[in-house]
Amino acid sequence: MSASFNPADDIEAALKAAAPAAGPNPSDFTPEVRTAGPAHGDFQANGVLAWARREKLQPRALAEKLVAALPPRIRDAYEVSIGGPGFINFTAQPPVLLEWLLAFPSRAALATGAAGTGRHGTSIVDYSAPNTAKQMHVGHLRSAVIGEALCRLMAFGGETVIRDNHLGDWGTGFGKLIFAYKRWVDPVALAAGPIEELERLYKLAVAATPDGSAELEEARRELVRLQAGDPENVALWRNFTEISLREFDRIYGKLGIRFDHTLGESFYNDKVAAVYRALTEAGIAVESEGALVVFHPEHPRFKTQPFIIRKSDGAANYASTDLATILHRVAHFHANRIYYVVDKRQADHFEQLFLTAKKWFAKAGLPLPVLAHVDFGSVLGENGKPLKTREGENVRLKDLLDEATERAYALVSGKNPDLPETERREIAAVVGVGSVQYADLAQNRSSDYLFAWDKMISLDGNTAAYLLYAVARIHSIFRRNNLDPSGPDAGPQAGAPETAGELALARKLVKFGDALRQATDALRPHFLCLYLYELTGEFSGFYTADKVLVDDPAVRARRLLLCARTLLVLETGLNLLGLRTLTRM
RNA sequence: GCACCCAUAGCUCAAUUGGAUAGAGCGCCUGACUACGGAUCAGGAGGUUGGGGGUUCAACUCCCUCUGGGUGUACCA
């Protein structure tokens, strides 16, 4: 009998199986097993209360019958008790903790365990999606960081994940940019800093094309030429995209992001006409004020607030392309689920998009994938307003990551000046970028979050540096003695945990699966962050109380095992969040 | 105007989606180091969860209402 990756699943199944022997209508009983706080054991089953109420029975009496019907396997593995009005508490006994530690000795073993309990099918994650011809700024941070973490979590849980970067690479702005490029491009500047030169040109273009001007008319003609396939303009536009992607890839490299596809809005340019036709023929879209729009009469707001899928000038907008994108993702990628990791201010758009897609697909007899807007709040400065530079400009992502790295470098150099320069640089990159990622992920994504350098790079509290430090310390233990944490040095000869520190650490380790499930099901990485932070806290307590490298071989073996598994879970967890880890810092 | 989101310790945030005595970090107070990396650990003080009603075995969580913030709301994405 091998250990369950998530022991809660094992307990859940056992309770379900025992239910017929305990009370009436057991098929209605859901055990509701959750992790419990230390005062109430490791796992608690709450479902008896609802069951007893439904059957008008005494909850505690029903709980007692249920416990009595549990198989010996569970009763041996856990100390089982009934608490409060009828909660069943399960405290993992040392042998079952040891069993788990031995059953999951590697990342591959953890992945196999996680995949056994996760969702399957194909999920497309639409994240990052910056506009081309501009640099990424702080407003692009959260989508990229959260999106990547979710991709890794879902893939670890066994889903087939497709990462799609839905670039903003099409639209009226490109007519203006071509207009300015043809007049004012500076080839030297373009070679030296291509994206900066495009930004400069775009600003010139905006200033030079006020409403009603002849220049604006000319810019529009450039756009028409581009859309008609004029070779010169198409070549310019392609070059803009290439320049932008090169720039984006530098950022993605730092954040550990690699897309499977980069199908921007332009990709759907020739696919929107079919959408207009389908929605019009289905009677879903109607003409209004010259535009093609969708109203939703059953909705309190969208019965009057239109979803504009074709502008009155005939051009597409992001409603058109987003609809075409859903069709393509279903027809071409066979997506079961599509996640949009996008700012919560676009909630209206996605609500309208999903309503429209639902009606359209129903009419067309197409399978509708699960569509979810994975929203997140804004990044605020310390004044509580959206984060800007002193000059009122958006903070460039490149500058932000560079500053994080510089701050981490100063810190590392202060703490550990003897390390070689190159290693300190490498550590600074991992700690600096990781701190930015972790600060973003550690908070519930739905709320706005306050960007504060000092808290972010701090070594105290729920921060990347605190977790990375624990990882480095564990590596140090093994390195000191020429031991391999991933090999048999921490393995089968170890006994079950005994001391309070060992037990607390082991009991936290076996809840890794539950933390992954929570984070993945809710699409909220902060659940995993919180778990890793608490695990690190347990480790630090254990490490202070219980010396690992003692002479007694039995004590030493079981403590090395705990260190090795803590290291494995921390490194695996941090990696699933998109962070890199270190062996020294 | 209408709609949605938010309000938890002095500050920044949690609370497994209705579960047990609402938890952390910072700051404040008290302890532990010639150290398996102190970038650490152990402990203390700090709360009528914005106010008021309601639903039930159980409410920070759900419903109503009030107050104070934020966001969105016809052709940008």
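Between A/Asp211 atom CG and B/C76 atom C1' there is a gap of 13 Å when expressed in whole angstrom units. Going from atom NE2 of A/His137 over to atom P of B/A77 covers 15 Å, rounded to whole Å. Between A/Leu582 atom CG and B/G37 atom C1' there is a gap of 14 Å when expressed in whole angstrom units. Rounded to an integer number of Å, the gap from CG of A/Leu459 to P of B/A24 is 21 Å. The nearest whole Å value for the distance from the NE2 atom in A/His140 to the P atom in B/A77 is 14 Å. The CG atom of A/Asp348 sits 7 Å away from the P atom of B/U73 (whole-angstrom rounding). When the P atom of B/G37 is taken as reference, atom CG of A/Leu419 falls 13 Å away, rounded to whole Å. Look at CZ on A/Arg345: it is 10 Å from P on B/U73, rounded to the nearest Å.
Between B/C41 and A/Thr544, no contact under 4.0 Å exists linking OP1 or OP2 to a side-chain N or O. Applying the 4.0 Å criterion to OP1 and OP2 of B/A35, one finds that A/Arg473 has every side-chain N and O outside that range. Remark: A/Tyr466 is in phosphate contact with B/C41, judged by side-chain N or O atoms under 4.0 Å from OP1 or OP2. Of the side-chain N and O atoms in A/Arg480, one or more sit less than 4.0 angstrom from OP1 or OP2 of B/G37.
B/A7 and B/A45 have their P atoms separated by 27 Å, given to the nearest Å. A gap of 11 Å separates the P atoms of B/G51 and B/U61, to the nearest Å. Nucleotides B/G31 and B/C62 are separated by 45 Å at their P atoms, to the nearest Å. Annotation: B/U8 and B/G50 have their P atoms spaced 6 Å apart (nearest Å). Only the C1' atoms considered, B/G70 is 7 Å distant from B/C6, to the nearest whole Å. Atom name P, nucleotides B/C33 and B/A15: the rounded distance is 38 Å, in whole Å. Nucleotides B/A74 and B/G69 are separated by 24 Å at their P atoms, to the nearest Å. As rounded to the nearest Å, B/G18 and B/C29 have C1' atoms that lie 38 Å from one another.
For A/Ala291, the listed nucleotide lying nearest its side chain is B/A74; candidates were B/A74, B/U73, B/G38.
Taking the six-membered ring for Trp and thresholds of 30 and 60 degrees, A/His349 and A/Tyr318 have nearly parallel ring planes, at less than 30 degrees apart. Ring orientation note: the planes of A/His299 and A/Phe302 are close to parallel, at an angle under 30° on the 30°/60° scale. The aromatic rings of A/His166 and A/Tyr268 sit tilted, their planes meeting at an angle between 30° and 60°.
The partner of B/A58 is absent, by the rule that a Watson-Crick or G-U pair needs both atom distances under 3.5 Å. In this structure, B/A7 and B/U67 make a Watson-Crick or G-U wobble pair, each of the two defining distances being under 3.5 angstrom. Nucleotide B/G31 forms a pair with B/C41, judged by Watson-Crick or G-U wobble geometry with both contacts under 3.5 Å. For B/A22, there is no paired nucleotide, since no Watson-Crick or G-U wobble pair has both relevant distances below 3.5 Å. Base pairing of B/G1 is made with B/U73, judged by Watson-Crick or G-U wobble geometry with both donor-acceptor distances under 3.5 Å.
The heavy-atom pair separating A/Glu287 from A/Arg310 by the smallest distance is OE2-NH2, 3.2 Å.
A/Glu534 comes within contact range of no nucleotide atom at all, as no heavy-atom separation falls under 4.0 Å. At a threshold of 4.0 angstrom between heavy atoms, the contacts of A/Val293 include nucleobase atoms, whether or not backbone atoms are also involved. A/Ser312 comes within 4.0 angstrom of a nucleotide base, judged by non-hydrogen atoms across all strands. Base contact: A/Pro306 has a heavy atom under 4.0 Å from a base atom. Using a 4.0 Å heavy-atom cutoff across all strands shown, A/Gly461 reaches sugar-phosphate atoms only and no base atom. Residue A/Asp169 is classed as having no contact, given no heavy-atom separation below 4.0 Å to the nucleic acid.
A cation-pi arrangement is absent between A/Arg34 and A/Phe43, since the terminal nitrogen or guanidinium carbon is not both under 6.0 Å from the aromatic centre and inside a 45° cone about the axis. A/Phe174 does not carry A/Lys176 over the face of its six-membered ring by the limits of under 6.0 Å from the centre and within 45° of the normal. For the pair A/Lys134 and A/Tyr202, the distance from NZ or CZ to the six-membered ring centre is under 6.0 Å and the angle to the ring normal is within 45 degrees.
Looking at A/Asp126 and A/Val341, their side chains never come closer than 4.5 Å, going by heavy atoms from C-beta outward.
Mapping A/Phe295 and A/Val548 onto RNA chain B via the closest heavy atom, the residue that lands nearer the 5' end is A/Val548. Sequence order on RNA chain B of the closest nucleotides to A/Val431 and A/Gly83 puts A/Gly83 first from the 5' end.
A glycosidic torsion no more than 90° from 0 defines the syn conformation; B/U55 lies beyond that range and is anti.
Side-chain atoms of A/Ser476 and base atoms of B/C36 include no donor and acceptor less than 3.5 Å apart.
Looking only at distances, a side-chain donor or acceptor of A/Thr117 sits under 3.5 Å from a matching main-chain atom of A/Ala114.
Judged by centroid separation below 5.5 Å and plane tilt below 30°, A/Tyr543 stacks onto the base of B/C36.
We find that A/Asp348 and A/Arg301 are joined by a salt bridge, their nearest charged nitrogen and carboxylate oxygen being less than 4.0 Å apart.
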Scan nucleotides 4-19 of chain B nucleotide by nucleotide, 5' to 3', and note B when protein non-hydrogen atoms come under 4.0 Å of the base, S if they reach only the sugar-phosphate, - if neither. --------SSSSBB-B
